Visitor: 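Take this structure first; my questions come after.
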Amino acid sequence: MIGIVDYGMGNLYSVSKALERMGVDYVITDDQRLLKQAKGLILPGVGAFKDAMAILNDSGLTTFLKDCAQQRKPLLGICLGMQLLFDESEENGLTEGLGLIKGRVVRFPQNDAYKIPHMGWNKLHVSQPSSLLEGVKNGYVYFVHSYYVQAGKQSDVIASSEYAVDVPAVVGKGNVFGTQFHPEKSSDTGLRILENFVALVEGKVLSS
């Protein structure tokens with residue numbers, strides 16, 4: 001079973017519908033007892049980093065998610081959920097994140113040639129092998145974001161995309177993964193990534 005973390009700021013419907021189409025058992029909840037029973041977790045997210053961390057901190061989910069990561073439970077952050085995996089964000093003032101992957105979330109630089117937010121389909125450039133991207137060959141995926149991650153270690157960046165700057169699009173460190181784009185809205189490429197995450201959860205095959 002996959003646990004979708006419900007903290008009030010995630011696109012729960014589209015993620016859950018994607019899992020339904022794949023025939024995957026899941027639960028949407030903020031109940032840590034139920035999430036603890038799940039073999040893997042998905043942390044979705046839409047909105048502001050500071051607001052999301054305030055909710056996670058107040059609910060105790062920050063400590064819970066850190067404990068799950070330490071216990072090697074597979075975790076996939078999506079969009080804002082990916083950004084929350086990092087050390088900090090400069091959005092609306094510097095805010096501490098989950099600190100599961102080294103790096104900082106920053107706003108896109110001002111550039112008249114590029115609209116903010118970045119919204120639309122962009123090509124993935126896979127930079128290193130990962131079980132999360134098994135069978136994925138530089139497909140197109142769907143982004144909606146005004147901030148992007150500056151990863152502390154390039155080795156944590158599995159794939160990138162280009163939009164004014166080089167944007168880490170898929171990240172991973174051990175059992176913790178993130179996609180800046182929405183895989184549940186990214187057609188066959190995105191569904192393959194979700195299928196790979198489910199296979200990883202079921203098979204306990206983790207990337208380094």
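Here, residue 1 is the first one in the sequence, and each next residue gets the next number. Since this is a predicted model, take the numbers as computed values, not measurements.
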Visitor: Could you label the plane-to-plane angle of the H118 and F143 rings as parallel, tilted or perpendicular, counting under 30° as parallel and over 60° as perpendicular?
Guide: parallel
Visitor: Could you go through Q32 and L61, starting from their C-alpha distance and side-chain angles, then the distance that decides it, and tell me whether this counts as side-chain contact (heavy atoms from CB on, under 4.5 Å)?
Guide: CA-CA 8 Å; Q32 295 179 25; L61 284 169; 4.0 Å; yes
Visitor: Report yes or no: does N175 contribute a side-chain atom to a donor-acceptor pair with the main-chain N or O of A69 at less than 3.5 Å?
Guide: yes
Visitor: Between F197 and P74, is any pair of side-chain heavy atoms under 4.5 Å apart?
Guide: yes
Visitor: Are I4 and Y7 in one and the same hydrophobic cluster, where Ile, Leu, Val, Met, Phe, Trp and Tyr link if side-chain heavy atoms are under 4.5 Å apart?
Guide: no
Visitor: Answer yes or no: does atom OH of Y140 have more than 12 heavy-atom neighbours from other residues, nucleotides or ligands under 6.0 Å?
Guide: no
Visitor: Honestly curious: do L80 and I42 fall in one hydrophobic cluster under the side-chain, below-4.5 Å linking rule?
Guide: no
Visitor: Does F181 belong to the same Ile/Leu/Val/Met/Phe/Trp/Tyr cluster as Y142, with side-chain heavy atoms less than 4.5 Å apart forming each link?
Guide: no
Visitor: With E88, which of K50, K102, R104 fulfils salt bridge (charged side-chain N to carboxylate O under 4.0 Å, His left out)?
Guide: R104
Visitor: Take atom CD in E90; do more than 12 heavy atoms of anything else shown fall under 6.0 Å from it?
Guide: yes
Visitor: Between the main-chain N or O of S155 and the side-chain N or O of Q128, is there a donor-acceptor pair closer than 3.5 Å?
Guide: yes
Visitor: Looking at every non-hydrogen atom in both residues, tell me the closest pair between L133 and A159 and how far apart they are.
Guide: CD1-CB, 3.9 Å
Visitor: For G139, is there any backbone N or O sitting under 3.5 Å from a side-chain donor or acceptor partner on T189?
Guide: no
Visitor: What I'd like to find out is whether the side chain of P44 reaches to under 4.5 Å of the side chain of L12, using heavy atoms alone.
Guide: yes
Visitor: Looking at OG of S131 and CD1 of I158, how far apart are the two atoms once the value is rounded to the nearest 0.5 Å?
Guide: 7.5 Å
Visitor: Roughly how far, to the nearest 0.5 Å, is the CZ atom of R192 from the NZ atom of K137?
Guide: 10.0 Å
Visitor: Carefully, step by step, assess V5 and D30 under the rule side-chain contact (heavy atoms from CB on, under 4.5 Å).
Guide: CA-CA 6 Å; V5 183; D30 62 351; 5.9 Å; no
Visitor: Kindly check if the number of other-residue, nucleotide or ligand heavy atoms within 6.0 Å of NZ (K36) is above 12?
Guide: no
Visitor: Mind listing the closest non-hydrogen atom pair of S161 and K123 along with its distance?
Guide: OG-O, 3.0 Å
Visitor: Determine whether V27 and M9 fall in the same hydrophobic cluster, where Ile, Leu, Val, Met, Phe, Trp and Tyr are linked whenever their side-chain heavy atoms lie under 4.5 Å apart.
Guide: no
Visitor: Would V170 and M82 count as a side-chain contact (heavy atoms from CB on, under 4.5 Å) here? Give the steps.
Guide: CA-CA 9 Å; V170 183; M82 171 184 135; over 6 Å; no
Visitor: For E96, does the CD atom have more than 12 heavy-atom neighbours from other residues, nucleotides or ligands under 6.0 Å away?
Guide: no
Visitor: Taking C-beta and beyond as the side chain, do V171 and V149 meet within less than 4.5 Å on heavy atoms?
Guide: no
Visitor: We want to know whether D6 and T29 form a side-chain donor-acceptor pair, criterion being a heavy-atom distance below 3.5 angstrom.
Guide: no
Visitor: As an exercise, state the distance from CG of D87 to OG1 of T95, rounded to the nearest 0.5 Å.
Guide: 13.0 Å
Visitor: In Å and rounded to the nearest 0.5 Å, what is the CD1 to CG distance from I101 to L84?
Guide: 11.5 Å
Visitor: Taking C-beta and beyond as the side chain, do L35 and F64 meet within less than 4.5 Å on heavy atoms?
Guide: yes
Visitor: Side chains of Q180 and Q83: any donor to acceptor distance under 3.5 Å?
Guide: yes
Visitor: Between K39 and G3, is there a donor-acceptor pair closer than 3.5 Å when you use the side chain of the first and the backbone of the second?
Guide: no
Visitor: Considering all heavy atoms of both residues, which atom of A48 and which atom of N92 are nearest to each other, and what is their separation?
Guide: CB-ND2, 4.0 Å
Visitor: Closest heavy-atom contact between R21 and L191?
Guide: NH2-CD2, 4.0 Å
Visitor: Mark yes or no for whether S127, through its side chain, and V157, through its backbone, hold a donor-acceptor pair below 3.5 Å.
Guide: yes
Visitor: If you group Ile, Leu, Val, Met, Phe, Trp and Tyr whenever their side-chain heavy atoms sit less than 4.5 Å apart, what else falls in with Y114?
Guide: V106, F108, I116, Y148, Y163, V165, V167
Visitor: With the side chain counted from C-beta on, respond yes when I78 and P183 share a heavy-atom pair under 4.5 Å apart, and no when they do not.
Guide: yes
Visitor: Does a side-chain heavy-atom distance below 4.5 Å link H125 with E162?
Guide: yes
Visitor: Taking all heavy atoms of V201 and all of G40, pick out the closest pair and write down the distance.
Guide: CG1-N, 3.7 Å
Visitor: How about R107 and E91: do any of their side-chain heavy atoms sit closer than 4.5 Å?
Guide: no
Visitor: Hey, does the side chain of H182 reach the backbone of E184 with a donor-acceptor pair shorter than 3.5 angstrom?
Guide: no
Visitor: Working to the nearest 0.5 Å, report the span between CG of L76 and CG of L43.
Guide: 8.5 Å
Visitor: Examine F86 and L56 and state if one hydrophobic cluster contains both, with Ile, Leu, Val, Met, Phe, Trp and Tyr joined whenever side-chain heavy atoms are less than 4.5 Å apart.
Guide: yes
Visitor: Checking V141 against N122 for the side-chain contact (heavy atoms from CB on, under 4.5 Å) test, could you report, in this order, the C-alpha distance in whole Å, the side-chain angles of both residues, the deciding distance, and whether it holds?
Guide: CA-CA 6 Å; V141 290; N122 286 73; 5.8 Å; no
Visitor: Answer whether the closest heavy-atom distance between the side chains of I2 and L41 falls below 4.5 Å.
Guide: no
Visitor: Treating N196 as the side-chain partner and E134 as the backbone partner, does any N or O pair qualify as donor plus acceptor under 3.5 Å?
Guide: yes
Visitor: Report the distance from atom CE of M53 to atom OG of S89, rounding to the nearest 0.5 Å.
Guide: 10.5 Å
